[in-house]
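Let me begin by presenting the structure, written as structure tokens, before commenting on it.
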Amino acid sequence: MQDAITSVINTSDVQGKYLDTSSLEKLKGYFATGELRVRAATAISANAAAIVKEAVAKSLLYSDITRPGGNMYTTRRYAACIRDLDYYLRYSTYAMLAGDPSILDERVLNGLKETYNSLGVPVGATVQAIQAMKEVTAGLVGADAGKEMGVYFDYISSGLS
Ligand SMILES: CCC1=C(C)/C(=C/C2=NC(=C\c3[nH]c(/C=C4\NC(=O)[C@H](C)[C@H]4CC)c(C)c3CCC(=O)O)/C(CCC(=O)O)=C2C)NC1=O
């Protein structure tokens, strides 16, 4: 896993150089938003279950997906879906704190699409639920932190698509 700091340091180290202006600007931006990131992570962890629940209500409930024949039908599969959404929320929060998406590649997206395809888990509906979490989260943490979280929700969405 990388973060905003190791990412610019590794890039400079490969070239055997001190940080250039654009790397220093990136770091400045990251440090300037440190407080915002920590505050957002605190609010998200205190409200994680409610965020997932509201996102499911907005995107999946009362659709064919929760009826017999749908992939969320049966309590076991419903629970697996809720658990997956909680993974996406938690790992997006880690990535937002790190300011870098690499943890999502390593721990979430690696092999996920293949698993979903082999189990018949619908990717389109999953992406809708992730986008609903993006909206609900932005409503909770405010526009600036919401935009930052949105980067990582979108990263998972495109990694699945
Ligand atoms: C931390 C990284 C990580 C991820 C991401 C993860 C995902 C993941 N989701 C799974 C299943 C599943 N995922 C879903 C999810 C859904 N079905 C729907 O219709 C909805 C649209 C959607 C929720 C938004 C369902 C229903 C299953 C169970 C499928 C089955 O067994 O038939 C499985 C198969 C094994 C299992 O059932 O536990 C994995 C590995 N596991 C991990 O360790």
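First listed ligand is number 1; within each ligand, the first listed atom is number 1. The figures here come from the full heavy-atom set of this structure, side chains too, leaving out hydrogens, waters and symmetry mates. Predicted model only: the values in this text are computed from it and were never measured.
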Is the shortest heavy-atom distance from the side chain of [X] to the side chain of [Y] under 4.5 Å?
X    : Y    : answer
I130 : L160 : yes
T33  : E148 : no
L104 : Y88  : no
S12  : D20  : no
I44  : T137 : yes
V108 : Y87  : no
T93  : S45  : no
R107 : Y94  : no

[atom] - nearest protein heavy atom and its distance:
atom                    : result
atom 14 (C) of ligand 1 : D84 OD2, 3.6 Å
atom 41 (N) of ligand 1 : Y87 CE1, 3.6 Å
atom 34 (C) of ligand 1 : L119 CD1, 3.3 Å
atom 2 (C) of ligand 1  : R107 O, 3.3 Å
atom 40 (C) of ligand 1 : T115 CG2, 3.9 Å
atom 17 (N) of ligand 1 : N71 OD1, 2.8 Å
atom 20 (C) of ligand 1 : C81 SG, 3.2 Å
atom 29 (C) of ligand 1 : R77 CD, 3.9 Å

In plain terms, say whether D64 and R67 are close enough for a salt bridge, that is, a side-chain N and a carboxylate O under 4.0 Å apart.
->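 Salt bridge present between D64 and R67.
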
Record the part of I65 in heavy-atom contact with ligand 1 below 4.0 Å; permitted values are side chain, backbone, both and neither.
->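 The answer is the side chain of I65.
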
Side chain or backbone of L85 under 4.0 Å from ligand 1, or both, or neither, by non-hydrogen atoms?
->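 For L85, only side-chain atoms sit under 4.0 Å from ligand 1.
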
For ligand 1, is there an atom lying under 4.0 Å from some heavy atom of Y91?
->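 Judged by the 4.0 Å heavy-atom criterion, Y91 does count as contacting ligand 1.
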
Would you say R83 contacts ligand 1, with heavy atoms under 4.0 Å as the rule?
->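 Within the 4.0 Å threshold, so yes.
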
Which of the ligand 1 atoms, numbered from 1, are nearer than 4.0 Å to a heavy atom of [X]:
X    : value
A80  : 12 (C), 25 (C), 27 (C), 28 (C)
Y116 : 9 (N), 13 (N)
Y88  : 5 (C)
R76  : 30 (C), 31 (O), 32 (O)
A125 : 21 (C)
T126 : 21 (C), 22 (C)
L112 : 5 (C), 7 (C)
M72  : 18 (C), 19 (O), 20 (C)

M1 versus A98, closest heavy-atom pair with distance |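 Heavy-atom minimum between the residues: CE-CB, 3.7 Å.
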
Exam field: side chain K134 to backbone D154, donor-acceptor pair closer than 3.5 Å =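 The answer is no, because no donor-acceptor pair under 3.5 Å joins these two groups.
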
Kindly determine whether D105 and Y155 satisfy side chain to side chain donor-acceptor pair (under 3.5 Å), including the steps that lead there.
-> CA-CA 9 Å; D105 289 323; Y155 194 90; 2.7 Å; yes

